[in-house]
Amino acid sequence: MAQSGSIGVLTFHRCINYGSYWQARCLVEGLQQRGVQAELLDHDSPEVNLAEWRCSLQPGLPERSSRPELKKYKRKARRFFDAWDHLPRSRAFPLESPEAAGSYDAVVVGSDEVWNFRHPWYRAKPIFFGSGLQTERLVSYAASFGNHDADDGVHPHWAERLRRFDAISVRDANSRSLVKGATGLDPAVVLDPCLQWPDFARAEPMPAEHPYAVVYGHGLPWWLVQQVRRWADETGTRLISLGYSNEWTHEQRIDEGPMEFARWMAGANAVVTNFFHGCVFALLNGKPFVASPSDYRFNKIRDLTAKLHATDRVVTDGTQSAEFDRLMAEPVSEAVEANIRSYRARSQDYLDAALS
């Protein structure tokens with residue numbers, strides 16, 4: 001559906017995180033594909049930047065990164081800085097001064113955990129609830145409350161701001177419950193931008209001498225480490241840790257940038273992850289995968305696999321070796337692919353209505 005006008009996209013595009021980068025890029029490029037002038041609202045905050053950079057260098061706290069790891073994490077960060085420079089962005093403005101962002105026909109808030117009251121440095125920032133933005137139309141796309149659980153509710157102060165949105169969509173059941181409980185509105189549930197516009201996130205496979213599986217995440221439980229190592233030894237598969245340190249893998253690619261991440265994912269035989277976008281990139285590339293979500297990412301991975309009917313991909317310490325091996329050998333079923341296509345159509349319908 002071709003449209004004219006200007007759209008600002010408000011998300012966490014400055015995070016040193018592969019998922020944050022790719023969801024921001026896919027959303028803005030997906031909107032541009034619809035025939036609109038879309039750009040990321042380039043909010044900036046020295047306080048947030050410092051917190052982000054500290055986390056990127058020490059992701060495994062309280063266990064501190066070694067000196068060699070620090071060097072690699074610094075190279076990774078520099079690659080993100082370069083990648084951000086190539087994104088379509090507005091002029092920079094202070095995070096706490098949303099009125100300085102400029103005027104837009106519409107502002108799309110999302111994707112990512114833009115409404116997460118537990119986020120370590122972006123929590124409860126008024127801009128992500130639309131405060132101060134100069135726009136004729138305020139819309140959310142695939143917004144999430146992250147690990148802020150539905151049982152904890154939404155304070156009336158923030159509920160009132162959510163009611164000001166002209167159209168609301170979320171990406172998970174937990175966020176849907178929170179919006180519904182706070183506003184009485186039943187928001188649409190849509191796909192993460194990387195699954196909605198997968199062609200923007202697909203890349204040429206990284207050439208490799210041996211078959212490999214990507215390990216994406218950190219702090220994986222020991223029972224999962226043992227299962228993965230057993231499977232790798234029995235199948236002759238090389239384990240590559242991508243973006244984070246996992247000393248039990250065969251090779252560590254800590255310092256890769258967003259484009260290299262997409263290429264390694266594209267060439268993998270399978271994916272092991274405890275991150276949301278580890279699951280997403282496995283799905284968009286048609287890869288076998290298993291997930292064991294951390295407490296922080298539990299809601300996101302649980303709801304993603306549930307809505308696509310792929311809950312078997314979430315493994316536990318009770319998962320038998322035979323079932324684990326099957327999951328690492330077989331991509332998701334055609335029924336799951338059909339569910340993705342169905343949600344893609346629903347997401348398109350939502351945007352048609354929200355931005356028309």
Side-chain angles (χ1 to χ4, degrees), residues 7-12 20 23-24 27 30-31 41 43 95-96 98-99 101 103-193 195-196 276 296-304 306-308 342-356:
I7 295 181
V9 176
L10 184 60
T11 187
F12 297 165
S20 292
Q23 63 83 22
L27 180 53
L31 292 172
L41 298 185
H43 53 82
L95 178 67
E96 305 297 343
E99 67 280 356
S103 179
Y104 293 86
D105 295 319
V107 169
V108 177
V109 180
S111 168
D112 222 326
E113 304 172 24
V114 288
W115 295 334
N116 188 357
F117 298 112
R118 300 176 187 272
H119 193 281
W121 46 85
Y122 275 126
R123 60 183 175 273
K125 297 297 185 184
I127 187 173
F128 296 109
F129 291 83
S131 297
L133 294 172
Q134 300 180 54
T135 183
E136 298 176 7
R137 193 161 182 80
L138 189 59
V139 172
S140 77
Y141 183 82
S144 174
F145 287 86
N147 67 327
H148 181 79
D149 198 78
D151 292 339
D152 296 323
V154 176
H155 190 279
H157 172 83
W158 301 109
E160 178 59 31
R161 281 158 174 74
L162 289 174
R163 291 190 190 98
R164 298 176 186 173
F165 277 74
D166 296 287
I168 298 180
S169 70
V170 295
R171 73 180 183 191
D172 52 70
N174 181 68
S175 298
R176 180 187 183 190
S177 295
L178 281 160
V179 171
K180 194 172 183 179
T183 67
L185 304 171
D186 191 6
V189 178
V190 298
L191 281 180
D192 178 90
L195 285 174
Q196 182 64 17
F276 176 81
Y296 185 86
R297 296 170 178 85
F298 178 79
N299 287 337
K300 297 187 290 185
I301 292 179
R302 174 200 62 192
D303 290 357
L304 172 68
K307 79 179 181 183
L308 300 180
S342 176
Y343 269 100
R344 195 169 288 144
R346 294 185 213 177
S347 303
Q348 181 73 22
D349 290 343
Y350 167 78
L351 284 171
D352 286 345
L355 298 177
S356 62

Next on the checklist: Counting only heavy atoms from other residues, nucleotides and ligands, does the tally under 6.0 Å from NZ of Lys180 exceed 12?
Outcome noted: no
Checklist outcome for this item: Taken to the nearest 0.5 Å, the spacing of Ser175 OG from His148 NE2 works out to 9.5 Å
Checklist entry - Is the backbone of Val114 close enough, under 3.5 Å, to the side chain of Asp112 for a donor and an acceptor to pair up by distance? => result no
Checklist entry - How about Asp192 and Phe276: do any of their side-chain heavy atoms sit closer than 4.5 Å? => result yes
Checklist entry - If you look at every heavy atom in Arg123 and Arg118, which pair is closest and at what distance? => result CB-N, 4.2 Å
Item to check | Minimum side-chain heavy-atom gap Leu31-Tyr141 below 4.5 Å | outcome: no
Checklist entry - Taking C-beta and beyond as the side chain, do Val179 and Phe145 meet within less than 4.5 Å on heavy atoms? => result yes
Item to check | Closest contact, heavy atoms only, Gly8 versus Leu41 | outcome: CA-CD2, 3.8 Å
Next on the checklist: Using modelled atom types and a 3.5 Å cut-off, is there a donor and acceptor pairing between side-chain atoms of Arg171 and backbone atoms of Lys300?
Outcome noted: no
Next on the checklist: To the closest 0.5 Å, what do you measure between CZ (Arg302) and CG (Leu304)?
Outcome noted: 11.5 Å
Checklist entry - Is any side-chain heavy atom of Pro120 closer than 4.5 Å to a side-chain heavy atom of Tyr296? => result yes
Checklist entry - Do the non-hydrogen side-chain atoms of Leu133 and Ile127 ever get within less than 4.5 Å of each other? => result yes
Next on the checklist: Is it the case that the side chain of Arg137 and the backbone of Ala167 share a donor-acceptor pair, with hydrogens and angles ignored and the cut-off at 3.5 Å?
Outcome noted: no
Item to check | Side-chain touch Phe298/Asn174, heavy atoms, less than 4.5 angstrom | outcome: no
Next on the checklist: Main chain of Val189, side chain of Ser169: is a donor-acceptor contact present, judged purely on distance under 3.5 Å?
Outcome noted: no
Item to check | Interatomic distance, Arg344 atom CZ to Asp349 atom CG [nearest 0.5 angstrom] | outcome: 13.5 Å
Next on the checklist: Walk me through whether Val154 and Phe117 qualify under side chain to side chain contact (heavy atoms under 4.5 Å, CB included).
Outcome noted: CA-CA 9 Å; Val154 176; Phe117 298 112; 4.3 Å; yes
Next on the checklist: If I take atom CD1 from residue Ile168 and atom OH from residue Tyr350, how far apart are they, to the nearest 0.5 angstrom?
Outcome noted: 7.5 Å
Item to check | Pair Asp303 + Arg176: basic N to acidic O under 4.0 Å | outcome: no
Item to check | Heavy-atom side-chain proximity of Trp158 to Leu178 below 4.5 angstrom | outcome: no
Next on the checklist: If we ignore hydrogens and angles and just use 3.5 Å, is the side chain of Asp166 paired with the main-chain N or O of Leu138 as donor and acceptor?
Outcome noted: yes
Item to check | Under 3.5 Å: donor-acceptor pair, side chain of Glu113, backbone of Ser144 | outcome: no
Next on the checklist: Do Phe165 and Leu185 have side chains that approach each other closer than 4.5 Å (heavy atoms only, starting at C-beta)?
Outcome noted: no
Checklist entry - Between the side chain of Lys307 and the main-chain N/O of Val190, is any donor-acceptor distance below 3.5 Å? => result yes
Next on the checklist: As a quick check of understanding, evaluate side chain to side chain contact (heavy atoms under 4.5 Å, CB included) for Asp172 and Asn299, giving each step before the final call.
Outcome noted: CA-CA 8 Å; Asp172 52 70; Asn299 287 337; 5.8 Å; no
Item to check | Thr11 (side chain) donor-acceptor with Ala24 (main chain) under 3.5 angstrom | outcome: no
Next on the checklist: Measuring from atom CZ of Phe129 to atom NE2 of His157, what distance do you get when rounded to the nearest 0.5 angstrom?
Outcome noted: 8.5 Å
Item to check | Centroid-centroid distance, His119 to Phe12, less than 6.0 Å | outcome: yes
Checklist entry - Given the side-chain rings of His43 and Phe128, with only the six-membered ring counted for Trp, is the space between their centroids under 6.0 Å? => result yes
Checklist outcome for this item: Nearest heavy-atom contact between Val170 and Pro187 is CG2-CG, 4.2 Å
Item to check | Reported CG-to-OG distance for the pair Leu191 and Ser342, which is rounded to 0.5 angstrom | outcome: 9.0 Å
Next on the checklist: Please give me the minimum heavy-atom distance between Ile7 and Leu355, naming the atom from each residue.
Outcome noted: CD1-CD1, 3.9 Å
Checklist outcome for this item: Minimal heavy-atom distance between Ser111 and Ala142, with the atoms involved, is OG-O, 3.3 Å
Checklist entry - Sub-3.5 Å donor-acceptor pair from the side chain of Asp149 to the main-chain atoms of Asp152, do we have one? => result no
